[in-house]
Amino acid sequence: MTCDLTDKIFTDETAARVHFEKLRWPDGPVCPHCGTIGEATELQGKSTRPGLYKCRACQKPFTATMGTLYERSHIPLNKWLLATHLLCSSKKGISAHQLWRMLGFGSYRTAWFMAHRIREGMRELFPEGSEPLGGKGKTVEMDETFVGGLEKNKHRKKRKHKGTGGVGKEAVYSLVERKGRVRSHHIASVNAKTLGPIISAQIDGATVVYTDEGATSKGLGRLFDKHAMVNHSIGEYVRGDVHTNTIEGYFSILKRGINGVYHHVSQQHLKRYLAEFDFRYNERMALGIDDKTRAVKAIKGVAGNRLTYRQPNNSPNT
């Protein structure tokens with residue numbers, strides 16, 4: 001199911017607030033101060049802002065946005081919902097410049113920071129402490145890729161080498177379960193010391209694991225039920241059921257989005273962009289999730305998070 005961009009939740013702030021309250025409080029208003037459910041009264045009055053509730057138990061006021069990424073935001077809630085829908089329904093993402101133009105903000109930085117808040121909500125949907133990928137009868141593919149501009153395209157004084165590879169780029173290591181989910185990690189370097197804790201924590205030991213012939217793949221047979229490799233250096237890409245085509249397909253979407261839509265992603269924010277691409281892949285059409293449902297899940301992810309202008313710690317550059 002697709003979402004109509006003329007829907008009132010995208011054009012009317014009151015409709016957007018009611019929609020958000022229903023998503024966040026399916027059983028009635030929940031007081032963020034004392035946790036009481038369904039025991040609040042919406043305050044009325046000319047000087048009272050819409051959506052302000054008062055808990056009958058602790059007598060403290062609150063709104064649905066309190067304790068979320070939307071808290072204290074001066075951006076109308078309908079624009080938050082529209083931006084979330086656009087980011088969730090665009091397969092390769094949508095740039096802050098495009099959001100800036102479509103939403104009519106006075107400042108580009110507003111759109112830039114807004115997009116990062118939405119990505120932060122996506123990231124928290126899949127915390128590191130969640131259940132591992134794979135399991136009995138399931139297959140997980142693993143591989144690394146490098147994100148960054150080509151050395152030959154940089155100014156001569158900024159080039160770190162003349163060849164190709166990962167020098168000067170940021171390393172990303174991803175784990176993808178076939179017909180399932182993906183988890184991507186921004187890592188300092190591709191070595192056993194860095195990848196060991198990730199692999200052991202994120203993949204069930206009863207899993208079948210497929211990789212390429214990289215040095216970090218050696219020894220995985222001791223950790224999992226089965227481990228097999230394909231040798232790309234000799235032109236081998238598929239051997240029966242053994243291949244890494246699933247993870248390569250995910251990388252192709254990631255690279256097209258970063259290179260074609262965002263153009264540049266800073267080291268500080270790469271983890272948030274990975275969260276965005278992971279989220280859309282994990283909530284994809286092939287798993288029966290449409291644009292509207294995907295956006296609803298992202299909106300629910302804003303609860304329990306706060307992200308201030310100081311936290312990004314970088315100037316807008318995407």
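Scope of the values below: all heavy atoms of this structure, side chains included, with no hydrogens, waters or symmetry mates.
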Trainee: Apply side chain to side chain contact (heavy atoms under 4.5 Å, CB included) to residues Glu13 and Asn78 and explain how you reach the verdict.
Mentor: CA-CA 5 Å; Glu13 189 170 4; Asn78 57 296; 3.7 Å; yes

Trainee: If you compare all heavy atoms of Leu99 against all heavy atoms of Ala115, which two are closest, and at what distance to 0.1 Å?
Mentor: CD1-CB, 4.1 Å

Trainee: Assess whether side chain to side chain contact (heavy atoms under 4.5 Å, CB included) is satisfied between His263 and Ser95, documenting all intermediate values.
Mentor: CA-CA 9 Å; His263 305 305; Ser95 69; over 6 Å; no

Trainee: Are the side chains of Thr293 and Glu283 in contact, using a 4.5 Å heavy-atom criterion?
Mentor: no

Trainee: Examine Val242 and Val140 and state if one hydrophobic cluster contains both, with Ile, Leu, Val, Met, Phe, Trp and Tyr joined whenever side-chain heavy atoms are less than 4.5 Å apart.
Mentor: no

Trainee: Is the terminal nitrogen or CZ of Arg280 (NZ for Lys, CZ for Arg) located under 6.0 angstrom from the six-membered ring centre of Phe277 and within 45° of that ring's axis?
Mentor: yes

Trainee: Val176 versus Tyr250: any side-chain heavy-atom pair under 4.5 Å?
Mentor: no

Trainee: Under the rule for side chain to side chain donor-acceptor pair (under 3.5 Å), what residues qualify as partners of Tyr173, not counting sequence neighbours?
Mentor: none

Trainee: Please answer: with hydrophobic residues joined when any side-chain heavy atoms are less than 4.5 Å apart, are Leu270 and Val261 in the same cluster?
Mentor: yes

Trainee: Using modelled atom types and a 3.5 Å cut-off, is there a donor and acceptor pairing between side-chain atoms of Thr207 and backbone atoms of Val209?
Mentor: no

Trainee: What is the distance from atom CG of Leu223 to atom CD1 of Ile203, rounded to the nearest 0.5 Å?
Mentor: 9.0 Å

Trainee: In terms of hydrophobic clusters joined by side-chain contacts under 4.5 Å, are Met142 and Val230 together?
Mentor: no

Trainee: For a 4.5 angstrom cut-off between non-hydrogen side-chain atoms, does Met122 reach Leu87?
Mentor: yes

Trainee: Side chains of Tyr273 and Leu254: closer than 4.5 Å at any heavy-atom pair?
Mentor: no

Trainee: Quick check for you: to the nearest 0.5 Å, what is the distance between Arg72 atom CZ and Thr65 atom OG1?
Mentor: 10.5 Å

Trainee: Given the rule in the salt bridge (charged side-chain N to carboxylate O under 4.0 Å, His left out) test, do Arg17 and Glu21 qualify, once you have shown the distances and angles that lead to the verdict?
Mentor: CA-CA 6 Å; Arg17 176 180 59 80; Glu21 288 176 352; 3.0 Å; yes

Trainee: Report yes or no: do Ser89 and Arg294 form a side-chain donor-acceptor pair below 3.5 Å?
Mentor: no

Trainee: How are the rings of Trp25 and Tyr53 set relative to one another: parallel (under 30°), tilted (30 to 60°) or perpendicular (over 60°)?
Mentor: perpendicular

Trainee: Below 4.5 Å, heavy atoms only, C-beta onward: do Met102 and Ile94 meet side chain to side chain?
Mentor: yes

Trainee: So which pairs with a foot in residues 212-230 pass salt bridge (Lys or Arg N to Asp or Glu O under 4.0 Å), sequence neighbours left out?
Mentor: Lys136-Asp225

Trainee: Same hydrophobic cluster for Ile253 and Ile289, using side-chain heavy-atom links shorter than 4.5 Å among ILVMFWY?
Mentor: no

Trainee: Are any side-chain N or O atoms of Glu39 and backbone N or O atoms of Ala57, one a donor and one an acceptor, separated by less than 3.5 Å?
Mentor: no

Trainee: How many angstroms lie between atom CZ of Arg117 and atom OG1 of Thr68, to the nearest 0.5 angstrom?
Mentor: 8.5 Å

Trainee: Measure from NZ or CZ of Arg284 to the centre of the six-membered ring of Tyr281, then state whether that distance is under 6.0 Å and the direction lies within 45° of the axis.
Mentor: yes

Trainee: Mind checking whether Trp80 and Leu82 sit in one hydrophobic cluster, side chains of I, L, V, M, F, W, Y counted as touching below 4.5 Å?
Mentor: yes

Trainee: Could you tell me which non-hydrogen atom of Met66 sits nearest to which non-hydrogen atom of Glu71, and how far apart they are?
Mentor: C-OE1, 3.8 Å

Trainee: Near Arg256 CZ, under 6.0 Å, is it more than 12 heavy atoms from other residues, nucleotides or ligands?
Mentor: no

Trainee: With rounding to the nearest 0.5 Å, note down the distance linking CD in Glu248 to NE2 in His243.
Mentor: 11.0 Å

Trainee: Indicate the ring-plane relationship of Tyr237 and His232, choosing parallel, tilted or perpendicular according to the 30° and 60° boundaries.
Mentor: parallel

Trainee: In Å and rounded to the nearest 0.5 Å, what is the NZ to CD1 distance from Lys255 to Ile258?
Mentor: 8.0 Å

Trainee: Keeping the roles fixed (side chain from Thr194, backbone from Val190), state whether a donor-acceptor pair exists under 3.5 Å.
Mentor: no

Trainee: To check you understand the geometry: which heavy-atom pair defines the closest contact between Gly121 and Leu69, and what is its length?
Mentor: N-CD1, 3.4 Å

Trainee: Can you find a heavy atom in the side chain of Ile9 that is under 4.5 Å from one in the side chain of His85?
Mentor: no

Trainee: Evaluate the side-chain proximity of Asp290 to Met285: yes if any heavy-atom separation is below 4.5 Å, no if none is.
Mentor: yes

Trainee: Identify the two heavy atoms, one from Phe224 and one from Ile199, that lie closest to each other, and give their separation to 0.1 Å.
Mentor: CZ-CG2, 3.5 Å

Trainee: Return the CZ to SG distance between Phe62 and Cys55, rounded to the nearest 0.5 Å.
Mentor: 6.0 Å

Trainee: Going through the checks in order, is the side chain to side chain contact (heavy atoms under 4.5 Å, CB included) test met by Lys138 and Arg178?
Mentor: CA-CA 7 Å; Lys138 295 184 178 180; Arg178 289 185 182 175; over 6 Å; no

Trainee: Look at the side chain of His33 and the backbone N and O of Pro61, then say whether any donor-acceptor pair between them is shorter than 3.5 Å.
Mentor: yes

Trainee: Locate the shortest heavy-atom distance separating Pro29 from Ala40; write the atom from each residue and the value.
Mentor: CB-CB, 4.0 Å

Trainee: What is the ring orientation for Trp100 with His97, classed by angle as parallel under 30°, tilted 30 to 60°, or perpendicular over 60°?
Mentor: tilted

Trainee: Side chains of Tyr70 and Ile299: does their closest heavy-atom pair fall under 4.5 Å?
Mentor: yes

Trainee: For the residue pair Arg119 and Tyr262, would you count it as a cation-pi contact if the rule is NZ or CZ under 6.0 angstrom from the ring centre and within 45 degrees of the ring axis?
Mentor: yes

Trainee: Given 3.5 Å as the limit, does a donor-acceptor pair link the side chain of Asn282 with the main chain of Val182, or not?
Mentor: yes

Trainee: Minimum heavy-atom separation for His185 and Leu274, please, with both atom names.
Mentor: C-CD1, 4.0 Å

Trainee: Between Thr244 (side chain) and Ile247 (backbone), is there a donor-acceptor pair under 3.5 Å?
Mentor: no

